[in-house]
Number of protein chains: 2
Amino acid sequence: MASPTVENYLKALFLLSVEKGEVNITELSNLLQVKLPTANSMIKSLHEQGWVSYEKYKPLTLTPKGKKKAALIVRKHRLTEMYLVEKMGFGWEEVHEIAEQVEHIDSTIFFERMDELLGNPNVDPHGSPIPDKNGDMQQKVYDPLGVCLPGDTVKLVALVHSSSEFLKFLNRRELQLGAKLKIESIEDYDKSMVVSYENHSFETFSKDVCDALLVERLG
Amino acid sequence: MASPTVENYLKALFLLSVEKGEVNITELSNLLQVKLPTANSMIKSLHEQGWVSYEKYKPLTLTPKGKKKAALIVRKHRLTEMYLVEKMGFGWEEVHEIAEQVEHIDSTIFFERMDELLGNPNVDPHGSPIPDKNGDMQQKVYDPLGVCLPGDTVKLVALVHSSSEFLKFLNRRELQLGAKLKIESIEDYDKSMVVSYENHSFETFSKDVCDALLVERLG
DNA sequence: ATAATTTGTTAGATTAACTAAACTTATTAT
DNA sequence: ATAATAAGTTTAGTTAATCTAACAAATTAT
Ligand SMILES: [Mn+2]
Ligand SMILES: [Mn+2]
Ligand SMILES: [Mn+2]
Ligand SMILES: [Mn+2]
């Protein structure tokens, strides 16, 4: 059994390679909040154990075995977040911290029961995909709101990142996944957008926010 | 924050001192499945950190601080077991292993939400008391079925131990907490008892089993 | 092409949790 | 009272995970 520490490294490698492709040790050490030599020596050990492909001074990749292992941890994390929101009434900004711990629980039945009770969801409360039992994850490619045009009607389906600050920002504006947004106008100067949804008319979102909101075009 | 290892030591000390009063290091090391010197050096460290009162060659006791800490871990364990049974549909024989891990999760809101959703239970699925938020646990003193007499009618309220083998034994006989038992007769030779309950008439239980079933007298 | 900067590696140390082996103290049996 | 056994302690050593400091390689800027 891999330790929680090892599991966190594998998960970090997986998530970084999903968003970037290549992973270098500096990014990894930043994400995990450890010093570079710590990550370096852990990588050597992960390499020896067959989780990671590694050559000195080259970028890192997970082996197929490592990738599957990591995906199954991500699965546990995201199922947990979904369970916490759907069955225990937590807000989407509260669940990551808890899931960060629950993901290390070693119990097949526990996560299978969660999955059943949730009706086999394929996305988490932030719209991120949940890998299946084989560790296969299909990452859909969505447009950020930022690339849409005035007059477009879109549905909010996922987020680029899910920091609790960002989630609380969205909470304050009552913006949830599934919301239908209409783009009223775009400010040419700073690319901020004025949008309407539900009972919010003419909310203004900065470019930063727009680029973090992933949408599906409607109609 | 105490590590899971330290938490398991504190919990073990707490549970051993509830059932025996005094704790010696050998029992502790047996329960935790570590060698005697391992437990010995951990005890020195727990002593230095103020969790345990300790003098060489003397039995161990938790300090008030250690006792409270331990009780709150037991609280998390037992709330978890209750949640798994009541809200997730697990059998009482399946939950201990999972709770053994979940008890180490560091999240006030998580366990408070569990407690709420369960309606602030004060016993776990095996009838063991759940310490309150201050770490106070009132251990009720029940009679084992073994001390009852023919003709007595009693209610099963708790178990002396909850090994999954014992729980599966009870499952096979459809005997659950809350069941009303009538003692039909006692075999003088081996002190085994013939009891009736629900739609089970004349089940025979060995002395060992009778001593592990805690009951409340009725009528 | 050389220098400066960034990135990655190695060496040496620390702490937590564990072990086996040797030793000491306490308890029990003769 | 002495010997035997059980219980507890110490010593020396391992592995995992971390750190700081020093060094080396690769990349980027001049
Ligand atoms: Mn998360
Ligand atoms: Mn984690
Ligand atoms: Mn239990
Ligand atoms: Mn535990």
Inset, instruction - Under 4.0 Å between any heavy atoms, over every strand shown, what does B:Ser45 touch: base, sugar-phosphate, or nothing? Just pick one. - result: nothing

Legend entry - Distance test, side-chain N/O of A:Thr26 to OP1/OP2 of C:dG8, below 4.0 Å: yes

Legend entry - OP1 or OP2 of D:dG8 under 4.0 Å from side-chain N/O of B:Lys58: no

To the nearest Å, give me how far apart [atom1] ([X]) and [atom2] ([N]) are.
X       : N      : atom1 : atom2 : value
A:Ile43 : C:dT7  : CD1   : P     : 16 Å
A:Glu48 : D:dA16 : CD    : C1'   : 13 Å
A:Asn8  : D:dA17 : CG    : P     : 11 Å
A:Leu46 : D:dA17 : CG    : C1'   : 12 Å
A:Met1  : D:dA16 : CE    : P     : 16 Å
A:Asn40 : D:dA21 : CG    : C1'   : 15 Å
A:Glu22 : C:dG8  : CD    : C1'   : 15 Å
B:Ile25 : D:dA6  : CD1   : P     : 18 Å

Inset, instruction - Scan nucleotides 18-28 of chain C nucleotide by nucleotide, 5' to 3', and note B when protein non-hydrogen atoms come under 4.0 Å of the base, S if they reach only the sugar-phosphate, - if neither. - result: SBBB--BSS--

Inset, instruction - Please tell me which of A:Gln49 and B:Asn24 maps to the more 5' nucleotide of DNA chain D, matching each residue to the nucleotide holding its nearest heavy atom. - result: B:Asn24

Legend entry - Spatial distance of atom CG (B:Leu79) from atom CD1 (B:Ile130) [nearest 0.5 Å]: 4.5 Å

Inset, instruction - Would you mind telling me which of B:Leu32, B:Leu28, B:Thr61 makes a side-chain contact (heavy atoms from CB on, under 4.5 Å) with B:Leu13? - result: B:Leu28

I'd like to know if the side chain of [X] pairs up with that of [Y] as donor and acceptor (distance under 3.5 Å, no hydrogens or angles considered).
X        : Y        : value
B:Asp208 : B:Ser206 : no
B:Glu93  : B:Asn171 : yes
B:Gln49  : B:Ser45  : yes

Legend entry - Between B:His77 and B:His96, ring centroids under 6.0 Å: yes

Legend entry - Sub-4.5 Å side-chain heavy-atom contact between B:Lys11 and B:Glu100: yes

Inset, instruction - Could you check if a side-chain atom of A:Tyr57 sits within less than 4.5 angstrom of a side-chain atom of A:Asn24, using non-hydrogen atoms only? - result: no

Contact list (N/O, under 3.5 angstrom) for nucleotides 13-15 of chain C vs protein:
none

Legend entry - Heavy-atom closest contact (A:Met193 atom, A:Ile183 atom, distance): CE-CD1, 4.2 Å

